[in-house]
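Residues: numbered from 1 along the sequence shown.
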Amino acid sequence: MIDVTHQIDAVRRAVGTREYKGGVARVVTLGQAYDATVDDVWDACTSAERIPRWFLPVSGDLRLGGTYQLEGNAGGTIERCEPPRSFAATWEYGGEVSWIEVRVTPEGGRTRLELEHIAHVDDERWARFGPGAVGVGWDLGLLGLAGHLGSPGGFLDPDESVAWMGSDEGRRFITLSSESWYEANVAAGEPEDGARGAANRTVAAYTGAEPE
């Protein structure tokens with residue numbers, strides 16, 4: 001059984017901006033420490049055999065300069081790879097390009113995975129959904145990885161994830177994730193009213209509920 005509260009609390013989240021690829025980009029960052037070695041976490045995140053066991057089926061050439069495609073989701077090009085510590089890739093979906101950077105570091109007998117999703121997002125879209133638009137999806141990914149690596153929090157089978165997201169437990173996870181991204185958004189300087197509206201619309205988008 002998934003411990004929703006434990007998993008939500010285990011993740012650190014931050015929102016910011018940086019100069020990237022010729023413009024000011026929004027940066028959504030999240031990370032979690034796992035009960036696994038650096039090599040094991042790296043392998044779980046880069047092995048074509050293991051990625052489908054906690055995330056999505058993947059195809060392509062998973063090496064520097066190679067391309068990848070996640071089934072029903074994003075694809076892209078691997079732009080940097082420094083095993084077993086970090087890699088960067090484009091994240092191409094719906095005709096748009098953003099970027100991900102992943103870092104794996106030891107932390108007190110455990111291993112921390114940190115992911116940045118970097119995107120040039122116009123102010124109107126950011127105001128509508130805020131960081132939760134991608135943050136909630138990545139929270140679901142870290143939940144799957146926690147189960148795969150045997151860390152506390154539970155296990156989300158990728159084959160059952162859609163049905164689980166529609167369950168009471170899944171909706172609670174999405175709501176708590178969005179609330180955590182609301183808090184990170186406000187901490188980054190977003191006015192509370194705007195951040196609240198974005199968080200509510202994000203929950204509605206993920207669950208199909210009417211936004212409050």
| message | Please check: side-chain N/O of T111 versus main-chain N/O of Y34, any donor-acceptor pairing under 3.5 Å? | response | no
| message | Would a single hydrophobic cluster contain both V27 and V121, if residues Ile, Leu, Val, Met, Phe, Trp and Tyr are joined by side-chain heavy-atom contacts under 4.5 Å? | response | no
| query | Once the angle between the rings of W91 and W138 is folded into 0 to 90°, is it parallel (under 30°), tilted (30 to 60°) or perpendicular (over 60°)? | reply | tilted
| Salt bridge flag under 4.0 Å for residues E101 and R103 | yes
| said: Whether the side chain of S180 engages the backbone of L176 through a donor-acceptor N/O pair (distance < 3.5 Å, no angle test) should be reported. | reply: yes
| Thinking salt bridges, do R171 and D168 make one under a 4.0 Å N-O criterion? | yes
| said: Looking at Y206 and A133, would you say the former's side chain and the latter's main chain have a donor-acceptor pair under 3.5 Å? | reply: yes
| Does one side chain, of T5 or R172, offer a donor that lies under 3.5 Å from an acceptor on the other? | yes
| Q69 side chain to A74 main-chain N or O, any donor-acceptor pair under 3.5 Å? | yes
| field | Other residues, nucleotides, ligands: >12 heavy atoms within 6.0 Å of E183 CD | value | yes
| query | Under 6.0 Å between the ring centres of W99 and H120? | reply | yes
| query | Checking T90 side chain against T77 main chain: does a donor-acceptor pair fall under 3.5 Å? | reply | yes
| Quick one: do D122 and R26 make a salt bridge, cutoff under 4.0 Å? | no
| Sidechain-backbone polar pair: R13 side chain, W181 backbone, donor-acceptor under 3.5 Å | no
